[in-house]
Engineer: 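Okay, handing you the structure first.
Positions are given from 1 along the sequence.
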Amino acid sequence: MTGTQSLLCEMLSCGTLDLELLDRVGYDWDEVLGRLDWPDGEGFNFNGLLRAVVDVGIIHLRRAVYDRLSELEGIENSRELNDEEAEEAEALYHLDPDQDIEGFFNCLDTHVWFRQNGPVYRRYLSSALDSFEDNVGFFLTGGED
């Protein structure tokens, strides 16, 4: 174990294998660390750090939902939505990434899943979902049906 690994393990209360999970994170660390309560250290441990990474991913998904709904509303202002677009708008309107996505944060046992609406995300927001999974470093389970 290097000195850097030892320091990080001590600061984050984790093991060296846990640190490998951090290499999969694609988000800017400034954005992730901004989600933590500073400077009191509350939540500043490995599990809190992973929670912050998922929180950032949820923020990006929320923005993708909003952007797509705005795009559909713009179309609706110039013409009537076709049936497929109207169905998509209705489905997206009911999404709430804060409620739809849950996680269990326990070092190497950490996992993230859809609590609800997974198929809607996979159908209409597949690109945003791919970005979430790439940048969070975890595959969202559930929602494959």
Engineer: Rounded at 0.5 Å granularity, tell me how far CD in Q116 sits from CG in D96.
Structural biologist: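 Answer for the CD-CG pair, Q116 versus D96, is 8.0 Å.
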
Engineer: Would V53 end up clustered with I59 when hydrophobic side chains under 4.5 Å apart are linked, directly or stepwise?
Structural biologist: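 Result: no, two separate clusters.
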
Engineer: Under a 4.0 Å N-O cut-off, is there an ion pair linking R68 with E88?
Structural biologist: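 So R68 pairs with E88 through a salt bridge.
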
Engineer: How far apart are the C-alpha atoms of L95 and L125, what are their side-chain angles, what is the distance that settles it, and do they pass the side chain to side chain contact (heavy atoms under 4.5 Å, CB included) test?
Structural biologist: CA-CA 11 Å; L95 296 183; L125 298 167; 3.9 Å; yes

Engineer: Are any non-hydrogen side-chain atoms of V25 and V136 less than 4.5 angstrom apart?
Structural biologist: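 The answer is no, as the side chains (C-beta and beyond) never meet within the 4.5 Å cut-off.
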
Engineer: Going by the angle between their ring planes, with limits at 30° and 60°, are F104 and H111 parallel, tilted or perpendicular?
Structural biologist: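 Tilted: the ring planes of F104 and H111 meet at 30° to 60°.
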
Engineer: Output, in order, the C-alpha distance, side-chain angles, deciding distance and verdict of side-chain hydrogen bond (donor to acceptor under 3.5 Å, both in side chains) for E87 and Y124.
Structural biologist: CA-CA 10 Å; E87 180 183 316; Y124 297 115; 3.2 Å; yes

Engineer: Looking at every non-hydrogen atom in both residues, tell me the closest pair between W29 and L49 and how far apart they are.
Structural biologist: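 Closest approach of W29 to L49, heavy atoms only: CZ3-CD1, 3.8 Å.
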
Engineer: Of all heavy-atom pairs between Y27 and F132, which one has the smallest distance, and what is that distance?
Structural biologist: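 Nearest heavy atoms, Y27 then F132: OH-CA, 3.8 Å.
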
Engineer: Determine, step by step, whether D67 and R63 satisfy the salt bridge (charged side-chain N to carboxylate O under 4.0 Å, His left out) criterion, reporting the C-alpha distance in whole Å, the side-chain angles of both residues, the deciding distance to 0.1 Å, and the verdict.
Structural biologist: CA-CA 6 Å; D67 289 348; R63 188 173 307 131; 5.8 Å; no

Engineer: Can you tell me how far CH2 of W113 sits from CG of D100, rounded to the nearest 0.5 angstrom?
Structural biologist: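 Those atoms lie 13.5 Å apart.
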
Engineer: Where do H60 and E31 land on the side-chain hydrogen bond (donor to acceptor under 3.5 Å, both in side chains) test, with the steps shown first?
Structural biologist: CA-CA 11 Å; H60 286 267; E31 188 175 12; 3.1 Å; yes

Engineer: Indicate yes or no: does R122 engage E133 in a salt bridge with an N to O separation below 4.0 Å.
Structural biologist: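 Yes, charged N to carboxylate O under 4.0 Å.
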
Engineer: Using a 4.5 Å cut-off on heavy atoms from C-beta on, say whether the side chain of L12 contacts that of N45.
Structural biologist: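 A side-chain contact is absent here, since even the closest heavy-atom pair is not under 4.5 Å.
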
